[in-house]
Amino acid sequence: MSATAGETHEFRAEIRKLLDIITHSIYTNREIFLRELVSNASDALDKLRFEQSRGTTVADPDAPLEIRITTDKEAGRITIADTGCGMTRDELIDHLGTIAKSGTEAFMRSVADNKDAASNLIGRFGVGFYSVFMVADKVAVTSRSFAPDAAAARWISDGSGSFTVEDVEGDVPRGASIEITLKEEAKEYADPERIKAVLRTHSNFISFPILVDGEKTNTIPALWRESKFSVTPEQYKEFYQFLTYDNEEPLATIHVSVDAPVQFTALLFIPKNGLGPMAFREQLHHGLDLYVRRVLISKETKELIPEYLGFVRGVVDTEDLPLNISRETLQENVVLRKIQSVLVKQILDKLKALAKEDPAKYNAFFAAHGQGFKLGYGDYAHREAFAELVRFDSSALEQADGDADKAGLTSLADYVTRARDGQKSIYHLSGPSRAALDLNPHLEVFRAKGLEVLYLYEPVDEFIMDSIGTYKELTLKSAELADAAELDAFEGTAEAPKAPEMTAEESGSMDDFLKAIKEILGERVTDVRVSTRLTQSPSCLVSPDDRMTSSMQKIMRLVSKDTSVPKKALEINRDHGLIRNLLAIYRRDAADPFIGKAVEQLYDSALLLDGYLSDPHQMVARINDLLADASALHAK
Ligand SMILES: Nc1ncnc2c1ncn2[C@@H]1O[C@H](COP(=O)(O)OP(=O)(O)OP(=O)(O)O)[C@@H](O)[C@H]1O
């Protein structure tokens, strides 16, 4: 083999930054460079095998598909060679230096926050190859692409600003060979025993033989093909960690072998935690690895699992697809659709069992994955299972006070066991937080009557309510839209402090008083009326449209970019001290300017609670005015 003179290229700017972090800031867990390189070699072999299985002509067709690691302790060098798809000269330049990588920015942000986590994050963010510079002074990648006539080329770099690429003449086998000259402090990796230990920890499930100085080291490929009675919990855990790079053990494992309507095996895992800062990658990378008779066809196959179960990781292996299936046609593939439908049922059943047998564990699942899972409201075929599995906060639950462990959620089934006799609806209300909903005037009557209300914090929750519709014969209904007569049927549980009865004269003035308020507010409200829902607040705004909740209206308005303040009816609590005082002032002098100021303030306060008050300045000036009046009275 001989090489022509090299051509020097600059690394792309963000890759240079990345390399700077990798070479200068990461000192723990450096062994994972080996996992990254072996995983790349395995990917390249998968790609080659895939091409071969669909009949593509490849160079060196008889070369065994394997990964060979050779060590040279004396020279402090190791070489990792594979017989995979290899890279052309242009691909070396693109893939190892100039093409932007989707995860780099996010990786660097996360590392800035937490240097210790960096080596764990490397694999997940897809900055894999560059991790070699944690241990290398110099790296040379010699490669020949699988395309039969491709010329061989070599990429060389010390991981600082640039790399060189040169042509290589002579006999270079298909694939890639990565020669690493180890840094002084990383010489341990030239010891074959150390290499074998690292491989056992991180690369045990690679489905191609890995040979260290000629000796085969990995032992358990295709764990999913084993009978589930022969696999130990430890093996499941190891395989899960191999698959996800998660340090935890999985929350749940599903291992199934199905014969009809399609023949397949699947080994699936539910991770304990959402991947936090990597969440963007969760969505991007959702999907299962699809094998056909142990040949990897496509990673992260979205067609195998709906998005709302995107937190599930694992592999599916089927006999019922041809090996030469093209990835482009997976989307319309009936077999995959059938597999998906079986898997969804398996996963939902597993979750139901978990919820029943170990509610605390289920709650942990929901805390970690509930947000994505809630999108399952759109899966009509599994609506019943979904309704059993979804969880909400509720007025009947203890306040968590920021203590995450205490923050329980309720199922619809548990709500029903607490419902009052004769209750025909499951009530719910949307709001930004528990504190806000606890004070929401719309809920006063529910509290007074001892009726439980589910607290909804996310826009998707209302869609869930709509889609479930009815649960165990109880209609899911927004507290805002509850009918007064329906609520009247329930006796109050707590004795509400009674306001003194109104005199006949006071009652007689009420209609005129309401008209006067309407006149002050003019077109801003559709109506002013006496409320049946308020027991503690003086007033609130009520949507005139009794089919749509105010939060749903907010969503619609957001969609149509409508920023005006919606017109609603103002309801007032005739037993509230403030309203009684205003009525007395009105009866004494209907033109008293204090009434105008107070009514404007009642309206603005209601807008503020509804989230529509856009300019607080006027309101603050008015409050100061009112306080001046009130303090003058106090001072007397
Ligand atoms: N042994 C190899 N054979 C062929 N191509 C390779 C090999 N190693 C790396 N590459 C090419 O270089 C690219 C960059 O590799 P790198 O490890 O940085 O990221 P990745 O493998 O794409 O992402 P991730 O780390 O998320 O798997 C790969 O996508 C692949 O195209």
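Counting starts at 1 for both ligands and their atoms, following the listed order. Source: prediction; values computed, not measured.
At least one side-chain heavy atom of Gln263 sits less than 4.5 Å from a side-chain heavy atom of Asp320. Ile156 places a side-chain heavy atom less than 4.5 Å from the side chain of Glu166. For the pair Thr83/Asp60, no side-chain contact is recorded, criterion being any heavy-atom separation below 4.5 Å from C-beta on.
Between Asp43 and ligand 1, a contact under 3.5 Å exists for no N or O pair. Annotation: Leu96 places no N or O atom under 3.5 Å from an N or O atom of ligand 1; distance criterion only. Residue contacts with ligand 1: Tyr130 is placed with no nitrogen or oxygen under 3.5 Å of a nitrogen or oxygen of the ligand (distance criterion only).
No part of Leu37 comes within 4.0 Å of ligand 1, judged by heavy-atom distances. Using a 4.0 Å cut-off between heavy atoms, Met87 contacts ligand 1 through its side chain alone, with no backbone atom that close.
Classification of Arg293 and Asp317 as a salt-bridged pair fails, no side-chain N sitting under 4.0 Å from a carboxylate O.
For an aromatic pair to be called close, the ring centres must be under 6.0 Å apart, and Phe386 with Phe373 satisfies this.
Per-residue contacts place Gly128 under 4.0 angstrom from the following atoms of ligand 1 (heavy atoms of the residue considered): 17 (O), 18 (O), 25 (O).
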